There are 2 protein chains.
Amino acid sequence: MRDNRISEAVISRLPKYYRYLSELEAKGTQRVSSSKMSADMGLNASQIRRDLNCFGGFGQQGYGYQVNNLKNEIKKILGIGKKYTAVVVGAGNIGQALYKYTNFAEEGYNLAAIFDADQSVVDKEIDGITVRPIEELADFVINNEVNLGVITAPKRHAQRIADELVLLGVKGIWNFAPVDVVARKGVCVENVHLSDSLFVLSYRMRTNGED
Amino acid sequence: MRDNRISEAVISRLPKYYRYLSELEAKGTQRVSSSKMSADMGLNASQIRRDLNCFGGFGQQGYGYQVNNLKNEIKKILGIGKKYTAVVVGAGNIGQALYKYTNFAEEGYNLAAIFDADQSVVDKEIDGITVRPIEELADFVINNEVNLGVITAPKRHAQRIADELVLLGVKGIWNFAPVDVVARKGVCVENVHLSDSLFVLSYRMRTNGED
DNA sequence: TAGATTGTTAATCGATTAACAATC
DNA sequence: TAGATTGTTAATCGATTAACAATC
């Protein structure tokens, strides 16, 4: 049943399914129907069945979906649990926060080191690990088979850092600088723009009700 | 020209226009056409003109758009520059990072205080300001006319905190806990799921090229 | 005026939803 | 078997893109 092209819209809903099913699993729920999911998640039941069928027929007519099984299928689809080795470039507020955040490690995303160009933060201890000088980035990426780069540096350096990381062989860039970083075909980029989401919130607060 | 209902898709592109126009303005560029914007931003020129026309006729035939003027219009539309007073609830990694991040303050979003329920972090200094005990939240929100709540607490507390903030009168919730917080009509919610974006990245890295 | 580029309508495309036959 | 619910096709809806008349 695997379609050859999955739309962005479908992909962006997968993490939400994964979160929901993890909750159900934690509660010990065995089975779930698309109509139950629909009611709980506020998505159309047809859409849920259609989304899931992009990747395979995980359900059973007259029964629904096995919670644990479906969760694990989506986990596999998303590539969660595969081992990723990442570096964080930029030891500012967000960089440090992500680096210290342990939930990612639990899902298999190992943030192995954090780098900065600013000598005044280099060698500063964060949770027992030291901020490394940017000069060591290349060696570290190569020696540790790093495949994922997290960019938390200032905007003006973001693209240059991305280019270097790509050159060093990383296959994914998770960028937090407020600029759309680009990379050559074959390297995946996710731009996370926190302020964009704040602006959308502020738009809604301003226009609430009317408009 | 103001349409009565602006789609989510259009709204989500506004911050990107704002970022782009700010760059142009910083470079001293006076005017820009939709085709130039299209080339630079990777969006269709028709779409850009249509998006902008949801809010008014900002351009001029044969000329294009005045960069500075258009930027300011979008700024107004997004409600940037209005004064918002926010509290951060949850002084973990992400909470501290957002609280310390000064860019928001520059745009008019004043993160006035940070709270936590955990006694071991309360009274800890962060950039000269102290983490306040959660017990003081209600008084602070009321006395300082806080209209925006930032939730960076653990998942299991997120909805309860949101409910309390709403009860105290905030008009917007910016939630970073990995759960979709809901609020009554009239209160706006933006759920930022960092791990969702990491999962989408990891999906792309896994399926790159094929699928 | 001629050239350029918007604002806007019409055409296309894709995503969502409804409906239902298949089947557990 | 009867009831429930999926998988999937068909219908609808909305968003994107193309085209072009309006106009600076």
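This structure is a prediction, so every number in the text was calculated from the model and none was measured. Computed from heavy atoms alone, side chains included, the values below leave out hydrogens, waters and symmetry copies. Every chain is numbered from 1, with letters handed out A, B, ... down the list of sequences.
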- [ ] Round to a whole Å and report the spacing from NZ of B/Lys36 to P of C/dA4.
- [x] 17 Å

Open item on the list: Heavy-atom count check: over 12 atoms from other residues, nucleotides or ligands less than 6.0 Å from B/Glu136 CD?
Closed with: yes

Open item on the list: If a pair means Watson-Crick or G-U wobble with both distances below 3.5 Å, what does DNA chain D look like in dot-bracket form, with | marking bases paired to a different strand?
Closed with: ..||||||||||||||||||||||

Task: Closest-nucleotide ordering on DNA chain C, the 5'-leading residue of A/Asp51 and B/Ser34 - done: B/Ser34

- [ ] Find the distance B/Phe58:CZ to C/dT6:C1' and express it as a whole number of Å.
- [x] 13 Å

- [ ] Would you indicate, yes or no, if C/dA4 has its OP1 or OP2 atom less than 4.0 angstrom from a side-chain nitrogen or oxygen of B/Arg31?
- [x] no

Task: Atom-pair distance (CD on B/Glu8; C1' on D/dC13), nearest Å - done: 16 Å

Task: Pair B/Asp180, B/His193: side-chain N/O donor-acceptor within cut-off below 3.5 Å - done: yes

TODO: Measure from CG on B/Asn53 to P on C/dT9 and round the result to the nearest Å.
DONE: 10 Å

Task: Distance in Å, B/Thr152 OG1 paired with B/Ile114 CD1, rounded so as to fall on 0.5 Å steps - done: 5.5 Å

Task: Within residues 36-61 of chain B or reaching into it, pairs that qualify as salt bridge (Lys or Arg N to Asp or Glu O under 4.0 Å) - sequence neighbours excluded - done: B/Arg13-B/Asp51, B/Lys36-B/Asp40

Task: Length of the CD1-C1' vector between A/Ile11 and C/dA15, whole Å - done: 14 Å

Open item on the list: So, taking the atom named CG in B/Leu78 and the one named CD in B/Glu73, what distance separates them when rounded to the nearest 0.5 Å?
Closed with: 11.5 Å

Open item on the list: For A/Lys71, is there an ion pair with A/Glu23 - N to carboxylate O distance below 4.0 angstrom?
Closed with: no

Donor-acceptor contacts under 3.5 Å from residues 81-90 of chain B side chains, at least two apart:
unit_1	atom_1	unit_2	atom_2	d
B/Tyr84	OH	A/Ser202	OG	3.4
B/Tyr84	OH	B/Gly79	O	3.2

Open item on the list: At 4.0 Å (heavy atoms only), tell me whether A/Ser35 reaches a base, stays on the sugar-phosphate, or touches nothing.
Closed with: nothing

Open item on the list: Using the salt bridge (charged side-chain N to carboxylate O under 4.0 Å, His left out) criterion, which residues pair with B/Glu107? Sequence neighbours excluded.
Closed with: none

- [ ] In whole angstrom, give the distance that lies between atom CD1 of A/Ile48 and atom C1' of D/dG7.
- [x] 14 Å

Open item on the list: I need the CZ-C1' distance between A/Phe55 and D/dG7, as an integer number of Å.
Closed with: 15 Å

- [ ] Could I get the full list of ring-ring contact (aromatic ring centres under 6.0 Å, His included) partners for B/Tyr18, not counting sequence neighbours?
- [x] A/Phe199

Open item on the list: Treating primed atoms plus P, OP1 and OP2 as sugar-phosphate and everything else as base, which nucleotides of nucleotides 17-24 of chain C get B, S or - for protein heavy atoms under 4.0 Å?
Closed with: BBBB-BBB

- [ ] Round to the nearest Å and state the distance from A/Gln66 atom CD to D/dT6 atom C1'.
- [x] 14 Å

